[in-house]
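Reviewing the structure listed below.
Order of listing sets the numbers, starting from 1, for every ligand and every atom in it. Computed from a prediction, not measured in an experiment: that's the story for all the values here.
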Amino acid sequence: MLTFIDYGNSKGGAKGRIWAIDPIDGTKGFLRGGQYAVCLALMVDGDVKVGVLGCPNLPIDDAAPLSGGMESGQTDEGKGCLFSGVLGQGAVSRPLTTGALAASQKISMKAITDIAAATFCESVEAGHSSHGDQAEIAKKLGITNPSVRMDSQAKYASIARGAGDIYLRLPVKATYQEKIWDHAAGDLIVREAGGAVTDIHGKRLDFSIGRTLADNKGVVAAPTGGHAQVLAVVQEVLKIK
Ligand SMILES: Nc1ncnc2c1ncn2[C@@H]1O[C@H](COP(=O)(O)O)[C@@H](O)[C@H]1OP(=O)(O)O
Ligand SMILES: [Mg+2]
């Protein structure tokens, strides 16, 4: 398996079929027994067509509320969920049950009726996403729910199934370029579940450039109806407009 992974030396780009894989996204979450994800995406000519996220420590139940300690939620049925999205065909979740593979069910983001009632997901690591900016954005939007911190693309999966509402990744270092394997599957699954995903400048994530999202900074993922409002406050707080 490790040898096979080492064959992964594609430079990415805008031509051909490219598989982006992150065998363990959220290594720190994996080590602390928290959230992590096994991520796979198929890109064709720079566009993500299929995305899969295996999240072994998320609750089986799509309706389970986001909370700290979710990872210890072993039930008789099992624990964890497999998420997938196919471009133009929607997104589904499939419980990782202890028995036979369960059927998949369609997932969708919660429509935002009152942004003040929304819940943010953010990184555990302050070095990956600015907690201070995030708190200021929440305040300006009137959000009082504490943000839920978790590692990995489990954040994309959680908002896609309506367990949380908004995922912000706010740049800490000006020089850091996000990696395609850290976002390709989550970006597609959220969009197929009724969300909008852009960077902090309002640009769609561009997976066609190479191994990194060299033309993007940060991530703003929210239900389509609330994205513009969230983005406006992100830009106000980050002073980029
Ligand atoms: N400075 C940084 N800003 C944003 N993301 C980062 C930074 N350094 C590492 N990462 C990546 O963040 C991802 C995990 O993010 P999260 O906080 O959402 O769990 C990892 O894939 C990690 O990449 P790497 O594995 O190469 O260190
Ligand atoms: Mg990763």
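- The line from CD of Q89 to OG of S84 is 10.0 Å long, rounded to the nearest 0.5 Å.
- Using a heavy-atom distance under 4.0 Å as the criterion, the protein contacts of ligand 1 are D25, S123, G127, H128, D151, S152, K155, R169, K173, Y176, E178, D182.
- Taking the charged nitrogens against the carboxylate oxygens, D151 and R32 do have a contact shorter than 4.0 Å, which makes a salt bridge.
- A heavy-atom distance below 4.5 Å is found between the side chains of H128 and R169.
- Cluster partners of I240, by chain and number: I112, I115, F120, I137, L141, I143, I166, L168, L170, I200, V220, V230, L231, V233, V234, V237, L238. The rule joins Ile, Leu, Val, Met, Phe, Trp and Tyr whenever side-chain heavy atoms lie under 4.5 Å apart.
- Taking CG of L82 as the reference point, atom CG of L96 lies at 5.5 Å (rounded to 0.5 Å).
- For the Mg ion (ligand 2), protein N, O or S atoms closer than 2.8 Å were enumerated as D22 OD2, D25 OD1, D182 OD1, with waters left out.
- No donor-acceptor pair closer than 3.5 Å links the side chain of N57 to the backbone N or O of Q35.
- With values rounded to the nearest 0.5 angstrom, C81 atom SG is found 7.0 Å from L58 atom CG.
- Partners of F83 according to the ring pair (Phe, Tyr, Trp, His ring centres under 6.0 Å) rule, which considers only residues two or more places apart in sequence or in another chain, do not exist here.
- Interatomic distance, M109 CE to S158 OG, rounded to the nearest 0.5 Å: 10.5 Å.
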